[in-house]
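I have placed the structure first, in the form of C-alpha cells, so that the comments after it can refer back to it.
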Number of protein chains: 2
Amino acid sequence: MARGSTRPTSRDVAQAAGVSQAAVSLVLGDKWRGRVSEPTAQRVRAAASELGYRPNLAARNLRLGRTRTVLLVVPALTTEFFAEVYTGAARVAAQHGFGVVLYPSPEGVGPARDPFASAQAALDGVIASSMAADALTAIRGDQLPLVMLDSDPEGSLGAATVNLDIADGIRQVTEHLLALGHRSFLHLAADIPSWTFEVRARELASRLDAAPGTQLRTIRAPISIEGALRATEAALAAPGPRPTALVCDDDKLAAGAYKAIRRAGLRVPDDLSVTGLDDLGLATAIDPELTTVRLDAEAFGERGMRALLAVLEGRPPEEGDLPVSLVVRGSTAPPR
Amino acid sequence: MARGSTRPTSRDVAQAAGVSQAAVSLVLGDKWRGRVSEPTAQRVRAAASELGYRPNLAARNLRLGRTRTVLLVVPALTTEFFAEVYTGAARVAAQHGFGVVLYPSPEGVGPARDPFASAQAALDGVIASSMAADALTAIRGDQLPLVMLDSDPEGSLGAATVNLDIADGIRQVTEHLLALGHRSFLHLAADIPSWTFEVRARELASRLDAAPGTQLRTIRAPISIEGALRATEAALAAPGPRPTALVCDDDKLAAGAYKAIRRAGLRVPDDLSVTGLDDLGLATAIDPELTTVRLDAEAFGERGMRALLAVLEGRPPEEGDLPVSLVVRGSTAPPR
DNA sequence: CAGCGGAAGTTATACGTAAAACGTCTCTGA
DNA sequence: TCAGAGACGTTTTACGTATAACTTCCGCTG
C-alpha cells in the first residue's frame, strides 16, 4: 500500500510552523488562549491544513483514556426499526463528538461471538437492546457504562433503562378495537423471549380481562412474513368461531397475517380487523394500510444516547417512558 | 463513574503471573513458541482470564499503526438493502479480525458533516457507495485505501470498484416483459444522480431501441412510497394511451406505484404489469407479490470487504460484476 | 532597581502495547 | 573442552498525543 509519504503527525506540523509539538497540540486543541500568540496560532493552523493533518485517534485515545466511541447492540437490522434507532443515536453522538459502532447480534446461533472483540474498537460505553439475547451475557460481564433499551426496569441490575411505553400502545389498540365492538381477539405474538413482547401479552390480557364478554387466543410466530403467514393460516383453519380482531406484535407479523387472510378468502378489515406495532414503512405499503402503534425509533435512539452520555458524566438519565400513539388506518373496522 | 479499580493492563497480568510485560504480550499475541515455556504461558493465560484482562485497543492501534477498522459509507439505512450490505461486510470483516464502522450519509442537506470525524475512529480503509453523494468528496480527498460500491468503473480514478450487474438485471426484466407481449413501457426512475440509476435508464432504453414497435416514457420520483405514489398518479392521469408495463428502479418505488394504480381503479397485473429491483422483504409483502430483480445485498457487502482486504494486502481484488436474477412473481402478465 | 507576574513558548512525561535487542543458562557435538 | 545453538526470558524502545511543569523575556510597580 505504499502511499508515498506516511500521514503527517503533529510533529510534522510543528516543524512546518516552526514551533514545538506541544504548541500544535495546544492550538489545535483550542487551549491556546494566553499560551500562544495569535500570529503563531495562525501559522500552526495554516501548516496543519496545508499538510492535511489529521490527529491520530489511536494516540489521542491512548493519551486521554477515553475514545468517545460507544457500542450499540441490536438484535438485527432486518427491519428498519433498529436502523432508525441507530440513526437517532448516531445523530446525538455526533453532536457530542462521539461515534457509534454497531453490533447486530448474529441471527444464526453460531459460536457466540464477542461483541467487544468484533467491534474492534476501544469503547466508552454500551447501549444494548434487551432483544439481542446472545450478546447480553458478555455485555453484562463487562464493566462498561451501560444503557439498556426496552428492558425490564426491575431486572436490569442498576443499569439505566430507556423504554418505549409499549403497554400504553397496547392499551390504545385494545380500547380502539373494543370501541369498534370487537369481543373475540387473536393475538399474533412474536416467538422471542424478550421483555418488550411480554409487556404486550400481559397488557393485552389484563385489558381484556377487565372487559366483560371478551375472549383471547394467542398464537406465536417468528418475526417474519413467512412465519406469520403460516401461524395465521393454521389459526384460521382451526375449528370454532373465528376471531374478529387480530392484534399483532409488530407490523411485519401483520403483513404476514394479511397474506394468510387473503389466502383464506377473507378480507381485511371486513372479515378481520388487524393491528400492528412499529409503524414501519411497510405499514403503509400494504393494502389496506395498517392500523398500528407508531413508535418513534429515532427518538428512542436519541434518548438512549443521551442516557448514556448522562451516565458517563455521572448525571442521572432522564426518567419516563417514551410516548407512543395509535395510528388508525384502514385495517380496522367494526365486526360484521 | 468511579468504577472501583481501573481496567487491568498487560503489566498487571505480568505481575500476577510473575513475569515481564513482554512475556504477556508474547503469550497473548500467540508469538511465544520457542520463547516462553508452556507452564509459564499457562500461568500468563490464567492470570489474564483471572483478571479479566482485555488489551487496550487504543494502545495496540497506536503501536501497530493500524486499527483493523474500516468505514462503510452508505446513502442511508431507510431500506434494508444497505443494512444487509453492512451485515455482509461485517461478517467478512469479523472473520479477518476487522470491525466495520457505519457512516450513513445524512439525508437532510445540512452542513456536510465529515464522515471521518463523525466515525471518530482510526481507520484502515473505506468502502463507499457511490450513492452517498455528500460524503464522497471528503472521502476522495483522504488518502485511505478505498473501494467503491456501485460506481462507474471508468470514473473511479483507480479506486477498486465492486458492482452488481444491474444492466443484466434490466436486460432480464426487459426480455421478460417483451416475451409477455408488452410494447408500451413506463419507466419509474429514481430521482437521484447516481451511476447505478443511470445504468438502469441506459440499459432499458437501449434494449427497447433494439425491439421494434416499442415505446418508452420516463418519470422520476424520490425513492419513497409517497414520492412514487404521486409520480405514478400523475402519469396515469396523463392523456394518451396507457402503458402496459411499469419498470421501477427499485421495489420501494414499485410499492408506491401499486397504490397509485389501485387508486386509479386499475389492477396489477391485469391492467398494468409492474417490476421492481432489489427484492426486499417488501416485494413479497405487497399484493400481488412483486416480480423483481434479486440483488444479493449481503454478498455485495462481502465482496466489498474482500476487495478492501485485497487492496490492503496489495493483492488485486476479484474481477467481475455480481450476478443478479429475475424473480418472476405475480405482478407481471401479458397485456390485455 | 529589585522583583513580581503574565505572555509565549518549550521540555519532559505518561498512556499501554508489540517487538527488537539483549542476556543467561543448559545442552550438544566435534 | 569449548563453541555454538537453542530455550526462556527480560530490558528497552517507539508509536503520537495531551498536558503538567518548567523557562525565558518583558513590562510594571513599589
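Worth saying up front: this structure is predicted, and the values here are computed from it rather than measured. Throughout, protein chains are lettered first and strands after them, A, B, ... in sequence-line order, and every chain is numbered starting at 1.
Judged by distance alone, the side chain of Thr87(B) and the main-chain N or O of Ala83(B) form a donor-acceptor pair under 3.5 Å. Of the possible donor and acceptor atoms, one in the side chain of Arg68(A) sits under 3.5 Å from a partner among the backbone N and O of His96(A).
Across the protein-nucleic acid pair, Leu26(B) atom CG and dA7(D) atom C1' stand 13 Å apart, rounded to whole Å. Rounded to an integer number of Å, the gap from Leu62(B) CG to dA14(D) C1' is 9 Å. Look at CG on Asn56(B): it is 14 Å from C1' on dG16(D), rounded to the nearest Å. Regarding Lys31(A), its NZ atom lies at a distance of 19 Å from the P atom of dG9(C), rounded to whole Å. Going from atom CZ of Arg33(B) over to atom C1' of dG9(D) covers 17 Å, rounded to whole Å. Here dC15(C) presents its P atom at 18 Å from CG of Asn61(B), a figure rounded to the nearest Å. Atom pair Glu38(B):CD and dA7(D):P shows a separation of 14 Å (rounding to whole Å applied). Rounded to an integer number of Å, the gap from OH of Tyr53(A) to C1' of dG16(D) is 7 Å.
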### Message
salt bridge (charged side-chain N to carboxylate O under 4.0 Å, His left out) for Asp114(B) and Arg54(A)? Distances and angles first, verdict last.
### Response
CA-CA 12 Å; Asp114(B) 177 356; Arg54(A) 262 177 203 295; 3.6 Å; yes
### Query
side-chain hydrogen bond (donor to acceptor under 3.5 Å, both in side chains) between Thr67(B) and Asn61(B): does it pass, once the steps are laid out?
CA-CA 5 Å; Thr67(B) 59; Asn61(B) 291 341; 5.4 Å; no
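In this structure, Val19(A) reaches the sugar-phosphate backbone alone: every heavy-atom distance under 4.0 Å involves primed, P, OP1 or OP2 atoms, never a base. Residue Leu64(B) is classed as a sugar-phosphate contact, given heavy-atom separations below 4.0 Å to backbone atoms only. Within the 4.0 angstrom heavy-atom criterion, base atoms lie near Ser25(A). When heavy atoms are screened at a 4.0 angstrom cut-off, Gly29(A) is found touching no nucleic acid atom at all.
Between Arg60(B) and dA18(C), a side-chain N or O to OP1/OP2 separation shorter than 4.0 Å is present. The side chain of Ser37(B) places an N or O atom within less than 4.0 Å of a non-bridging phosphate oxygen (OP1 or OP2) of dG9(D). Of the side-chain N and O atoms in Thr40(B), none sit less than 4.0 angstrom from OP1 or OP2 of dC8(D). Between Ser20(B) and dT11(D) there is no side-chain N or O to OP1 or OP2 distance below 4.0 Å.
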Every protein N/O lying under 3.5 Å from an N/O of nucleotides 20-29 of chain D:
residue	atom	partner	partner atom	Å
dA21(D)	N6	Arg35(A)	NH2	3.4

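Salt-bridge formation is not detected for the pair Arg306(A)/Glu313(A): no Lys NZ or Arg NE/NH1/NH2 atom is positioned less than 4.0 Å from an Asp or Glu carboxylate oxygen.
For the pair Arg43(B) and Trp32(B), the NZ or CZ position fails the cation-pi test of under 6.0 Å to the six-membered ring centre and within 45 degrees of the ring normal.
Nearest heavy atom pair, residue Tyr86(B) against residue Leu102(B), reads CD1-CD1, 3.5 Å.
Looking at which nucleotide of DNA chain D each of Arg66(A) and Gly18(B) is closest to, the 5′-most match is held by Gly18(B).
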